[in-house]
Trainee: 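Sharing a structure below in structure tokens format, with a few things to ask.
Naming: A, B, ... by sequence-line order, numbering from 1 per chain. Computed over heavy atoms, backbone and side chain alike; hydrogens, waters and symmetry mates excluded.
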Amino acid sequence: MENNGNKAYNPREIEPEIYKLWEYSGYFNPDNLPVSKIKNSKIKNFCIIMPPPNANEALHMGHALDFTIQDALIRFNRMQDKKTLWLPGADHAGFETQVVFEKKLEKEGKSRFQFERSTLYKMIWDYVQQNKHIMEEQARSLGASCDWSREKFTLDPKIVEIVYDTFKKLYDDKLIYRGKRIINWCPKHQTGLSDLEVKYEEREDKLWYFKYPLSSGEGFIVVATTRPETMLGDTAVAVNPKDNRYKKLIDQKVKLPLTNREIPIITDSAVELEFGTGAVKVTPAHDPVDFDIADRHKLEFIEVIGKDGKMTNEVPEAYQGLKVDDARAKVVVDLNALGLMEKEEPYKHSVGACYKCGRTIEPLAMEQWFVKIKPLAEKAIEAVKKGKTRFVTKKYEKTFMHWMRNIKDWNISRQIVWGIRIPAWYKNDQIHIGKEPPKEDGWVQDTDVFDTWFSSGQWPFVTLMTSGQNDLKEFYPTSVMVTAWDILFFWVARMIMMGIYCTGKEPFKQVYIHGLLKDKYGKKMSKSKGNVINPLAVVEQRGADALRMSLLFGSEADSDTPISEEKIIAQQRFANKIWNASKFVMNALGPDYKPTKPARGAQSADGWRSAMDGYTKEDKWILKELEKATKKITTDIEKYKFHEAAQEAYHFFWHKFCDKTIEDVKIRIQKNSKDADAGKLVVWTVLYNSLKLLHPFMPFVTEAIYQKLPSRPKELLMIEKWPK
RNA sequence: GGGCAAUUAGCUCAAUGGCAGAGCGUCUGCUUUACACGCAGAAGGCUGUAGGUUCAAUCCCUACAUUGCCCACCA
């Protein structure tokens, strides 16, 4: 067994060849697995739909962890003779991709607004296709044994059609509506965002107290606000109906300063007595709470801030065109000059910001499409309660439930071009839903696209519906969804809701939520912190096996996982150890070694033990240890305790098999003592079984060795039988 | 304002109702023909604090402290 004459294992020379061997074998495709040729109703299926990586940048460590866990599960189940499918894909990732692309344009001194819709779309399309190919090659280099023949993209025409059908179904079921609501507007990216895409930041601001003169000319009512500039769009002042302080002012009018408008004082229970003065200015067009109040009281609606984040022409001339911040300063100065500012005090509160660019979100009232989500959420809650979808671990189930119970309608309109265009057509007051407009003239299509999660929320069934004739029937609901906790709400929750709504069944029986990756100081990895480790560079330098093992080793995956160069080096050494130990064993056995009876398919160490006399005490010990390790690794993987399984495999192979058994048998063979043959059989048996046990974690080196193992029963380790 | 998690060796983390382990690091020997990416061995811990349950607690319970995270329309 040569590795270019080097003593140390060199994965770079081995891994690409091994991947080709697997891929050409066809066994990534479940239809080609031996088990699929058997007509037997007892055959079990196992299916994972890969969370489709965003096709806008290279894979990062998080993907490497995600892929490692999935591939380990896939290989484990495939070796247990299940009809096993891992379906890969890529996500167009609407807003995310457009943001990445806009940054690229900015670097070139361009802006998205210079381009026509179709031109921009085409440019992003080409960019994404390139990235998609890169991603596929990266997945291969990590050893992902997914069925590339079934690969999907979220913009595949057939998938888009299904997404359109879902939209129509929701519309017909009155679970989707178009309406003017307060949305989260990012002035930089010029699009609305869902509540989940808004990050709240604690800020030191001011709370201003302004006197609004009563129209009667007798006195004032004092309101407190953090956003003075919006007062130009006030259409009422509200107090709590139980607030005795203001009883006699109710239904009186106020003369709104800086404008010539009179606005009423109304009561609404949304107003809290304790906050500020207990009187609140109501700006329906720029605050969600005020919007609701206005809805209840049929208040007037004045939009004073535009999509560009500047004051509109609805405000007095002096303020028109000012940026929000400048308008704020000017209002404060002007009210102060009028003697209408009572006081200002420091105030700490949280302000919504765009999760991508950090710009303050501007709540604006816009006509958009919303999913009426409560009915969908109820079904999802029920499914999880009944255990149809189980969370691993339970702690995420609680988080999920809490969010689902408090869920609010979901804005799915995005004012960008990169995505699936909303199949809605308008003519005067009429709305038509469909791929094509009605025949007569004058229909105009909605210019918005779907929130990307609207389509990826349907991923498990749209992929299987379009991948093979029986795939949906055979593999849906899928076995397990593997993903990180940060997209629990964005994605997992929506998949469960949409899956049940569209197919009547939950999309996956289990959901395994793993953590994010941290550096060795416990800090979250991010480009801005400069502490990212590029998985591909690691694969190049130290091998995919080392990377995979180090991602699983020594840390529970349901909490955030630290990864460091040191950890990867440790596993690189382990791969080297496996290589060298195997090299030694095979040299000792010789290329023609045949394990004496039973000659093939030894399934358990126990079987071997009873099959042969002449084992030493040490032989019996290691065979017993092999049995114990097999049991532990098996149950640990079944329980998603990969870190324990990996540690057990590591410890068994290195510190039991190598340190004890091989050292012992080495001497027996050297001395040619009478128990040398028994020793050979033991090392063959333990090596053979160890390769299987390690294969889900370190597929390359184990397969490479298996290919040289004398008397190997199968053509590939990948389709060997998992030991019992 | 609600909720969740963590606190164990120098560092990063496992485990377990009764002996607390690993990787890296440190120290001492070894160029023993598979591997110096190695071998043999060693040091290193009142398992955050205070109570409680128990024959027995690092583990279960209660408080507290510290840290991290998630959710939430306090104008």
Trainee: With distance as the sole criterion, do the side chain of A:Lys398 and the base of B:rC4 form a donor-acceptor contact below 3.5 Å?
Mentor: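 Between B:rC4 and A:Lys398, which were checked side chain against base, a qualifying N/O pair under 3.5 Å is absent.
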
Trainee: For B:rC70, does OP1 or OP2 lie under 4.0 Å from any side-chain N or O of A:Lys395?
Mentor: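 No.
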
Trainee: Compare the minimum distances between each of B:rA34, B:rA75, B:rA22 and the side chain of A:Glu663, then state the nucleotide with the smallest one.
Mentor: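 That would be B:rA34.
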
Trainee: From C-beta outward on A:Trp485, which listed nucleotide comes closest to its side chain: B:rC73, B:rC37, B:rC70?
Mentor: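 Taking heavy atoms from C-beta onward, the closest nucleotide is B:rC70.
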
Trainee: Please tell me if A:Trp654 has a side-chain N or O lying less than 4.0 Å from either OP1 or OP2 of B:rC39.
Mentor: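 For A:Trp654, the contact criterion (side-chain N or O under 4.0 Å from OP1 or OP2 of B:rC39) is met.
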
Trainee: Does the side chain of A:His651 get closer than 4.0 angstrom to OP1 or OP2 of B:rA15 through an N or O atom?
Mentor: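 Indeed not, no polar side-chain atom of A:His651 lies that close.
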
Trainee: Among B:rA72, B:rA15, B:rG38, find the nucleotide with the atom closest to the side chain of A:Ser350.
Mentor: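 In terms of side-chain proximity for A:Ser350, the closest of B:rA72, B:rA15, B:rG38 is B:rA72.
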
Trainee: Any base atoms under 4.0 Å from A:Glu644, or only sugar-phosphate, or nothing? Heavy atoms, all strands.
Mentor: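 Sugar-phosphate contact only.
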
Trainee: Treating A:Arg548 as the side-chain partner and A:Ala544 as the backbone partner, does any N or O pair qualify as donor plus acceptor under 3.5 Å?
Mentor: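 Between the backbone of A:Ala544 and the side chain of A:Arg548 there is no qualifying donor-acceptor contact (under 3.5 Å).
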
Trainee: Closest approach to the side chain of A:Lys666, judged atom by atom: which nucleotide of B:rC73, B:rA34, B:rC24 is it?
Mentor: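 Per side-chain heavy atoms of A:Lys666, the pick is B:rA34.
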
Trainee: Taking A:Asp205 first and then A:Lys348, would you say they form a salt bridge - that is, a charged N and a carboxylate O separated by under 4.0 Å?
Mentor: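 No.
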
Trainee: Strictly below 4.0 Å, N to O, side chains only: are A:Glu229 and A:Arg227 in salt-bridge contact?
Mentor: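 Looking at A:Arg227 together with A:Glu229, the answer is yes, because their closest N to O distance falls below 4.0 Å.
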
Trainee: Closest approach to the side chain of A:Phe553, judged atom by atom: which nucleotide of B:rA34, B:rU12, B:rG23 is it?
Mentor: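 The closest nucleotide is B:rG23.
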
Trainee: Would you say A:His402 places a side-chain N or O within less than 4.0 Å of OP1 or OP2 belonging to B:rC4?
Mentor: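 No, because none of the side-chain N or O atoms of A:His402 sits under 4.0 Å from OP1 or OP2 of B:rC4.
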
Trainee: Counting side-chain heavy atoms from C-beta on, which of B:rA75, B:rC70, B:rC73 comes nearest to A:Thr399?
Mentor: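 The nucleotide sitting nearest to the side chain is B:rC70.
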
Trainee: So, is A:His349 close to the B:rC73 phosphate, meaning a side-chain N or O under 4.0 Å from OP1 or OP2?
Mentor: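 No, because none of the side-chain N or O atoms of A:His349 sits under 4.0 Å from OP1 or OP2 of B:rC73.
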
Trainee: Calculate, to the nearest 0.5 Å, the distance between atoms CG and OG1 belonging to A:Asp290 and A:Thr235 respectively.
Mentor: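 Going from the CG atom of A:Asp290 to the OG1 atom of A:Thr235 covers 8.0 Å.
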
Trainee: Within less than 4.0 Å of OP1 or OP2 of B:rA75, is there a side-chain N or O belonging to A:Tyr347?
Mentor: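 The answer is yes; a side-chain N or O of A:Tyr347 sits under 4.0 Å from OP1 or OP2.
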
Trainee: What nucleotide among B:rC71, B:rA75, B:rA14 has an atom nearest to a side-chain atom of A:Trp403?
Mentor: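 In terms of side-chain proximity for A:Trp403, the closest of B:rC71, B:rA75, B:rA14 is B:rC71.
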
Trainee: Tell me whether the side-chain N/O atoms of A:Lys577 come closer than 4.0 Å to OP1 or OP2 in B:rA34.
Mentor: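 The answer is no; no side-chain N or O of A:Lys577 sits under 4.0 Å from OP1 or OP2.
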
Trainee: Among B:rC37, B:rA14, B:rA15, which nucleotide has an atom closest to any side-chain atom of A:Asn576?
Mentor: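 Closest of the options to the side chain of A:Asn576: B:rC37.
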
Trainee: Distance between the P atoms of B:rU7 and B:rU12, in whole angstroms?
Mentor: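 Here B:rU7 and B:rU12 have their P atoms 12 Å from each other.
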
Trainee: Which residue, A:Lys666, A:Lys660, A:Arg668, forms the side-chain hydrogen bond (donor to acceptor under 3.5 Å, both in side chains) with A:Asp664?
Mentor: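 Looking at A:Lys666, A:Lys660, A:Arg668, the match for A:Asp664 under the side-chain hydrogen bond (donor to acceptor under 3.5 Å, both in side chains) is A:Arg668.
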
Trainee: Which nucleotide in the list B:rC70, B:rC24, B:rA15 gets nearest to the side chain of A:Glu566?
Mentor: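 Closest of the options to the side chain of A:Glu566: B:rC24.
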
Trainee: Tell me if the side-chain of A:Glu648 makes a donor-acceptor pair with the base of B:rA15, cut-off 3.5 Å, by modelled atom types.
Mentor: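 Per atom types, no contact qualifies.
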
Trainee: What is the nucleic acid contact for A:Ile182, judged by heavy atoms within less than 4.0 Å: base, sugar-phosphate only, or nothing?
Mentor: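 Here A:Ile182 touches no strand at all.
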
